[in-house]
Number of protein chains: 2
Amino acid sequence: MRFDDRKKRILSAIVETYIRTGEPVGSKTLSEFPEISVSPATVRNEMAALFEMGLLEQPHTSAGRVPSHLGYRAYIDSLMRVKPLTEDEKDGIDALFNISDPDPDKLLADSAEALAEYTGCATVAMTTTPSYVTVEHIDIVPADATTVVLLVIASNGVVKSKVCRLGFRVNTGIADFFRKFAKDRFCGHTLKDISAEFVNAVSIQLGEYSGVFNPLIVGIYELCKEVYDGQYYLGGQEKLLTYNEYSDRALEIMKLISKRDKLGPVIGNNPSGVTVFIGKENSLSQLSGSSLLVARFNIGENDCGTIGLIGPVRMDYSRLIPHLEYFAEKLGTLLSITYQRKTGDENG
Amino acid sequence: MRFDDRKKRILSAIVETYIRTGEPVGSKTLSEFPEISVSPATVRNEMAALFEMGLLEQPHTSAGRVPSHLGYRAYIDSLMRVKPLTEDEKDGIDALFNISDPDPDKLLADSAEALAEYTGCATVAMTTTPSYVTVEHIDIVPADATTVVLLVIASNGVVKSKVCRLGFRVNTGIADFFRKFAKDRFCGHTLKDISAEFVNAVSIQLGEYSGVFNPLIVGIYELCKEVYDGQYYLGGQEKLLTYNEYSDRALEIMKLISKRDKLGPVIGNNPSGVTVFIGKENSLSQLSGSSLLVARFNIGENDCGTIGLIGPVRMDYSRLIPHLEYFAEKLGTLLSITYQRKTGDENG
DNA sequence: TTTAGCACTCATCTCTTTCGAGTGCCAACA
DNA sequence: TGTTGGCACTCGAAAGAGATGAGTGCTAAA
């Protein structure tokens, strides 16, 4: 059976109509489409063929047809006409990022929220840190009689700080000693290396002072871990409630996507551009009723991150895919600037 | 009509049964309660009286009775027997706080999440900063050729830091100059004073360097604002979905409580202990189907915060109120320790 | 004051009927 | 050979009709 041009037009029309209305599409409706304009009976013959080919499904005998997962896949891969973004739409997304001097930590979380608001889907945003990233700089800044600020800078330019309150008074001598000690022990090591065991071993080297300095050592460990773990934020989970597809499954999906160890691996290993997982294509069975659009973005030359949309299988792919792509590109650019090591200035 | 002892026992039984089952309570069920043990007909007479008094409502003629808002109020204010926490329950809550060296910023957010998990309600946690709190200390720490860490310490002990990436190389001289400048201009002022206008005025004093240093000035402003605004976190919003009372209102409530400017004033101005807003007692009309349990806690001597539960009117007050009270007390204690200025050591 | 009795109400459940959108298939037609 | 009109058929959704039963209000007697 040939997947000829008219079959393609009919499949496209079914997908697009079903996305728009949420109702199974019948032969009469389709026959009225100008790009089809054959009788309902002919459409029915074609639909029967598309059903045979596994591209359509039938909720029940006397209902119209809905796209199967294969049908969506064929539509997305080759039939869909992606509408390029209008200048207005681009401006709309640009406006979301129109923040002066964004806080790198908040930018990703805010982006997830903004994207959810913009698309009406739940979103997830994540960054990962390559395993070769090292600790480049460690500092300890006395802020107060017994308070210090710990500072870790990683070789990918990420800076994290943490306030530590200590049980003793920190004078310059103590701070200088610890700073040198910490630099010697941590700098140059990859973040991956800095495990709980590593930290224990370092702590032991402090001998009798081990107990006193332990909060600081642990603090450094936590900062390194935070940098290495990267970020994981959700946005607009409540958007799922607006789709009646989720009437009773929303809670389950919300719980699932909040777990980085579940969703992280799925969205983290994808090529550049937008990857689409339609319904049952998702490796997580709970997502079989949802589609996942994932876009990877690059931060600087080495790091990368992922931002994804979660919504019903019946989502407007032709609109969302280009929007997500543009959004991810913008986000990557902005994060790159934010994290940029201005190494060119080093010698200036 | 006297609100006599038997009426009180019947109202209590209705409230407790309705909370447990979610079904209107009928005279036959009540007559079987050992503490009532009169015939259904007698119970009906009493129920008619309680209805007259506005303490009960009737979903429809042939259904049992449910408590009215007044009924809940009477129950909570004078009838309810609060079950003091068992040692096991106390241990359970203590365990939630069993974190070594908690990060003060994360503690509140984590607490909101833990409380939601523990109670099955949506939660909100907030802190406010008194208007007399001042900027006590400002520091700028070069971390990298063009990166500095800004540090603001407020007089209530809150420390906030922010990484600033600059377009120029920061040497010791520049850092020293700006540190002194910022200290002179900001320290001693209340956080409340540090408005956008204030910051503009300060910026102008930098004359030709105003543009160069502006990101830092703005950074300080943002840090001060962050400290002054305090924190606002939600937890377990998805818990609302587990109550069928919220089948279609969940989205609306979630949107509402995410807005600090809406919910903040309601929960922020309450006396110590647990305050209960039942259904229509809430000033926000969208919460008329929900109850709000709010507990204030003190951080140190001056600051205070609020943690609240949001759930259906039909919530287990006699269990939740003492639990929330104990939770808030623990949270306050832990935050007090975390934020404690060890001023006793200053001269040591 | 309490209680048994009784007629009444009304949401809920189940069963049936009706309705109609949509189908599959066949025969006729271009 | 592909297209179309015709027609019987299917089946979910909506509407209607009882039947059920939990619960009520009221009255009169204990």
Side-chain angles (χ1 to χ4, degrees), chain A residues 1-11 13-18 20-68 71 244-245 247, chain B residues 1-11 13-18 20-68 71 244-245 247:
Chain A
M1 192 150 3
R2 267 193 68 235
F3 187 34
D4 60 30
D5 201 54
R6 191 170 64 190
K7 288 193 183 62
K8 288 178 183 172
R9 287 203 303 277
I10 289 177
L11 179 59
I14 290 175
V15 172
E16 282 163 14
T17 309
Y18 183 61
R20 193 157 36 76
T21 65
E23 300 289 315
V25 188
S27 55
K28 183 152 172 286
T29 313
L30 289 167
S31 73
E32 283 158 8
F33 277 66
E35 74 267 30
I36 295 179
S37 60
V38 284
S39 76
T42 310
V43 175
R44 279 204 289 281
N45 289 335
E46 296 287 50
M47 282 164 98
L50 289 167
F51 179 74
E52 286 279 303
M53 296 160 84
L55 298 169
L56 293 182
E57 279 173 3
Q58 207 168 10
H60 54 86
T61 328
S62 69
R65 298 304 212 291
V66 298
S68 69
N244 34 13
E245 277 92 337
S247 52
Chain B
M1 191 147 5
R2 267 192 68 233
F3 188 35
D4 58 30
D5 201 54
R6 191 169 65 192
K7 287 193 182 64
K8 288 178 182 171
R9 287 202 303 275
I10 289 177
L11 179 59
I14 291 175
V15 172
E16 283 163 13
T17 308
Y18 182 62
R20 194 157 39 76
T21 66
E23 301 288 317
V25 187
S27 55
K28 184 152 170 285
T29 312
L30 289 167
S31 74
E32 285 158 7
F33 277 66
E35 75 267 29
I36 295 178
S37 61
V38 285
S39 76
T42 310
V43 174
R44 281 204 290 280
N45 289 335
E46 295 287 51
M47 282 164 97
L50 288 166
F51 179 74
E52 286 280 302
M53 296 160 82
L55 298 169
L56 293 181
E57 279 173 1
Q58 206 168 10
H60 55 86
T61 329
S62 68
R65 299 303 212 292
V66 299
S68 70
N244 33 13
E245 277 92 337
S247 52

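Computed from a predicted structure; not experimentally measured. Heavy atoms only: backbone and side chains are in, while hydrogens, waters and symmetry mates are out.
Only Thr61(B), Ser62(B), Ala63(B), Gly64(B), Arg65(B), listed by number, bring a heavy atom of residues 59-67 of chain B to less than 4.0 angstrom from any atom of DNA chain D.
Residue order along DNA chain D, read from the 5' end via each residue's closest nucleotide, puts Thr42(A) first among Ala41(B) and Thr42(A).
To the nearest angstrom, C1' of dG24(C) lies 12 Å from CZ of Phe51(A). Whole-Å rounding puts the Arg2(A) CZ to dG2(D) P distance at 11 Å. One atom, CD of Glu23(B), and another, C1' of dA11(C), lie 12 Å apart when rounded to the nearest Å. Between Tyr18(B) atom OH and dA22(D) atom P there is a gap of 19 Å when expressed in whole angstrom units. To the nearest angstrom, C1' of dT4(D) lies 16 Å from CD of Glu32(A). For Glu46(A) and dT3(D), the CD to P distance is 7 Å, given to the nearest whole Å. Between Ile14(B) atom CD1 and dG23(D) atom C1' there is a gap of 13 Å when expressed in whole angstrom units. Rounded to whole Å, the distance from NZ on Lys28(A) to C1' on dG6(D) is 16 Å.
One finds the CG atom of Leu30(A) at 5.0 Å from the CD1 atom of Ile14(A) (value rounded to the nearest 0.5 Å).
Test Val43(B), Asn45(B), Thr42(B) against Ser27(B) for side chain to side chain contact (heavy atoms under 4.5 Å, CB included) and you get one pass: Val43(B).
Figure legend: cation-pi geometry between Arg9(B) and Phe33(B) absent, as NZ or CZ is not positioned both under 6.0 Å from the six-membered ring centre and within 45° of its axis.
Without hydrogens or angle criteria, Lys7(B) side chain to Arg2(B) main chain gives a donor-acceptor distance under 3.5 Å.
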* Asked: Does the side-chain contact (heavy atoms from CB on, under 4.5 Å) test come out yes or no for Leu50(B) and Arg65(B), once each step is laid out?
  -> CA-CA 10 Å; Leu50(B) 288 166; Arg65(B) 299 303 212 292; over 6 Å; no
* Asked: Step by step, would you call Val15(B) with Val25(B) a side-chain contact (heavy atoms from CB on, under 4.5 Å)?
  -> CA-CA 9 Å; Val15(B) 172; Val25(B) 187; over 6 Å; no
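The listed nucleotides are dT3(C), dG5(D), dT23(C); the one nearest the side chain of Gln58(A) is dT23(C).
Between Asp5(A) and Lys8(A) no salt bridge is recorded (no basic side-chain N to carboxylate O distance below 4.0 Å).
Note on Arg44(B): every side-chain N or O is 4.0 Å or more away from OP1 and OP2 of dT27(D).
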